[in-house]
Amino acid sequence: ICELTFPIFTALTALVRLFKLQCRKLEVSAEAAQLYLTPALVEALRVLAEMPNTSQDDVDTLLVTLLDDKKGSTKDFQRGALRALLFEASPAFSDSHE
């Protein structure tokens with residue numbers, strides 16, 4: 001999970017930055033309703049939602065965390081949210097809950 005977190009986080013961060021840039025150019029707020037502007041981000045989130053033991057709610061929570069520009073939402077916090085999602089999808093998580 002630790003090995004996967006950084007590359008997935010980097011890709012998601014790039015897609016979220018692109019999404020925010022597109023929203024800024026079109027003068028709309030960067031929120032889930034505007035996700036159609038970045039199909040690659042939609043696809044990445046769909047893949048995350050289809051992993052075992054994850055749900056659309058988990059992915060929505062991750063998206064809110066990634067879109068949050070407030071001072072309290074640091075990269076470490078965002079990376080931790082992704083790591084938690086990946087851990088839930090891992091075989092180690094499902095084995096510990098059986």
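- Residues Q34 and L26 have side chains not in contact (no heavy-atom distance under 4.5 Å, counting atoms from C-beta outward).
- Taking the side chain as every heavy atom from C-beta outward, S55 and D58 approach each other to under 4.5 Å.
- Listed by chain and residue number, L18, L37, T38 satisfy the side chain to side chain contact (heavy atoms under 4.5 Å, CB included) test with Q22 (two or more places apart in sequence, or in another chain).
- Checked against L66 for a side chain to side chain contact (heavy atoms under 4.5 Å, CB included), the options Q78, K20, R17 give a single hit: Q78.
- Remark: L41 CG to R46 CZ distance equals 12.5 Å, nearest 0.5 Å.
- One distance of note links OG1 of T13 with CD1 of I8; it measures 11.5 Å at 0.5 Å rounding.
- Using a 4.5 Å cut-off on side-chain heavy atoms (C-beta onward), F19 and L35 make contact.
- S29 approaches C23 most closely through the heavy-atom pair O-SG, 4.0 Å.
- Going from atom CG of N53 over to atom CG of L86 covers 12.5 Å, rounded to the nearest 0.5 Å.
- L4 is connected to L62 through a chain of hydrophobic side-chain contacts under 4.5 Å among Ile, Leu, Val, Met, Phe, Trp and Tyr, so both are in one cluster.
- Listed by chain and number, the residues in a side chain to side chain contact (heavy atoms under 4.5 Å, CB included) with A44 are L12, L15 (sequence neighbours excluded).
- Taking CZ of R83 as the start and CG of L85 as the end, the distance is 12.0 Å to the nearest 0.5 Å.
- For A11, there are no side chain to side chain contact (heavy atoms under 4.5 Å, CB included) partners at least two apart in sequence or on another chain.
- Side chain of T54 to backbone of V59: no donor-acceptor contact under 3.5 angstrom is found.
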